[in-house]
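Inspection log for the structure reproduced underneath, given as structure tokens.
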Amino acid sequence: MYTKYTYRVIDLALWTRFATLNFFVIILAWVCAYQFLPIQWLRIPWSPIALIGTAVAFVIGFQNNAAYSRIWEARKIWGGIVNTSRTFGMYLQDMLTNEGARNPTSDDELKKEIRIITYRHIAWLTALRYAMRSPRSWEIQLEARTNQEWQILPPEKKVAFHTALEGYIEKEDLKYLENKNNKQTALLYLQSHHLRKLKEMGIIWRFAFLKLEGILEELFTLQGKSERIKNFPYPRQYATLNRYFMLIFILLLPIALVPQFLDIGSKIMTEHDVLGKLFHWLSIPVYVSIAWIFHTMERIGRSSENPFEGISNDVPISTIARGIEIDLLQNLGEAPENIPEQFPENNNVQF
């Protein structure tokens with residue numbers, strides 16, 4: 001019986017199989033060249049290779065730390081959006097009352113106002129996640145062969161934005177958004193205008209209005225932080241040079257590794273003739289292991305640089321936003337059939 005750990009190992013092997021095959025071809029070509037061609041003189045001492053490997057390891061470590069910091073910050077931002085959204089939903093239900101209204105409205109009218117604002121907040125979540133999934137020129141991991149093969153696509157790539165907004169925003173608001181580039185910001189403006197209108201009607205007490213405006217201010221702050229990560233990439237000079245350094249190390253390594261195994265094999269021949277003649281073939285699994293480790297570490301950092309791109313290593317903002325949506329609708333008392341289901345996992349990946 002396969003465990004989840006086994007499936008993770010299998011997925012990792014499949015994720016890196018094309019690079020692993022390339023490494024196998026590279027080292028096989030060098031071993032055959034040393035076996036059948038008179039190029040035993042072509043070798044590099046271990047010292048420069050060790051220096052390059054150490055430098056590459058440091059740069060990869062720096063890249064991975066920076067990438068992890070970006071993805072962890074993005075997760076904290078969206079955790080803040082979860083908490084602030086829940087607080088906003090609670091405030092709306094308890095702060096919209098007829099206590100100070102000059103012309104009291106019916107309970108149904110109050111529920112309607114709460115519903116409109118709550119739905120508009122869900123529309124804001126939808127607009128924000130679609131904005132975070134919009135492509136940037138430096139986001140290329142979604143085009144990787146494995147992602148294309150496994151159809152790693154977030155919900156935002158499968159459903160049009162206007163389709164996702166259906167039922168959550170009124171026609172007038174939708175018309176207002178048409179010529180706005182930053183639709184999530186425009187929706188928060190509409191929220192503020194609506195709250196001010198209710199305050200002028202006396203449905204929202206002045207202190208409650210300030211509290212609700214404070215929630216909108218916090219949402220603006222969290223939105224801005226999320227947009228900052230989205231619109232400012234991991235510096236290209238680090239990402240590009242790091243990959244080149246790793247490739248140089250991987251390409252130079254066989255010229256030092258295979259001669260080393262040949263030398264060891266020649267010493268073994270004094271006692272074990274057959275083993276000594278074949279010993280240099282052991283450089284193949286050793287090289288593939290070393291190259292695979294360096295390449296995989298570099299690729300992990302590269303695939304984590306942009307936490308909103310829409311690949312398997314990203315922050316699952318679609319799942320987070322849908323979770324908030326479900327919570328808000330359930331607390332509004334919506335019928336179960338009107339509450340959407342959580343986005344399904346794709347190849348054990350949440351989006």
Can you name the closest pair of heavy atoms from L257 and S283 and give their distance? CD2-O, 3.8 Å
Write down the atom of N313, the atom of I71, and the distance for their closest heavy-atom approach. O-CD1, 2.8 Å
State whether a side-chain donor-acceptor pair under 3.5 Å links N306 with R136. no
Answer yes or no: is there an ion pair linking E334 with R115, defined by an N-O contact shorter than 4.0 Å? yes
Ring-face cation of R299 near W15 (centre distance under 6.0 Å, axis angle within 45°): yes
Please say whether the positively charged group of K211, taken as NZ for Lys or CZ for Arg, lies over the ring of F209, i.e. under 6.0 angstrom from the six-membered ring centre and within 45 degrees of the axis. no
Taking the six-membered ring for Trp, are Y189 and F220 parallel (under 30°), tilted (30 to 60°) or perpendicular (over 60°)? tilted
For Q191 and R120, which I'm curious about, is there any donor-acceptor pair between the side chains at under 3.5 Å? yes
Between Y168 and E325, do the side chains contain an N or O donor and an N or O acceptor separated by less than 3.5 Å? yes
Q223 and W124: side chain to side chain donor-acceptor pair (under 3.5 Å), yes or no, with the steps? CA-CA 10 Å; Q223 174 188 315; W124 172 80; 3.0 Å; yes
Going through the distances and angles, do T118 and L92 end up as a side-chain contact (heavy atoms from CB on, under 4.5 Å)? CA-CA 8 Å; T118 303; L92 288 175; 3.6 Å; yes
For I169 and L187, run side-chain contact (heavy atoms from CB on, under 4.5 Å): C-alpha distance rounded to whole Å, both residues' side-chain angles, the deciding distance at 0.1 Å, then the answer. CA-CA 10 Å; I169 190 170; L187 285 167; 3.6 Å; yes
Taking K157 for its side chain and R133 for its backbone only, find out whether a donor-acceptor pair lies under 3.5 Å. yes
Examine the side chains of Q260 and H280 and answer whether a donor and an acceptor come within less than 3.5 Å of each other. no
For a quick check under 3.5 Å, do N65 and Q63 share a side-chain donor-acceptor pair by atom type? no
Before we go on, tell me: are the rings of H121 and F88 under 6.0 Å apart, centre to centre? yes
Can you say whether the rings of F23 and Y287 are parallel (under 30°), tilted (30 to 60°) or perpendicular (over 60°)? perpendicular
Begin with the C-alpha distance, continue with both residues' side-chain angles, and end with the deciding distance and a verdict on side-chain contact (heavy atoms from CB on, under 4.5 Å) for R75 and I320. CA-CA 10 Å; R75 182 61 187 88; I320 294 172; 3.9 Å; yes
Would you check, one step at a time, whether the test side-chain contact (heavy atoms from CB on, under 4.5 Å) holds for I293 with M297? CA-CA 6 Å; I293 290 172; M297 288 194 302; 4.1 Å; yes
Salt bridge or not between R43 and D263? Use side-chain N to carboxylate O under 4.0 Å. yes
Do R243 and E298 meet the salt-bridge criterion of a basic N to acidic O distance under 4.0 Å? yes
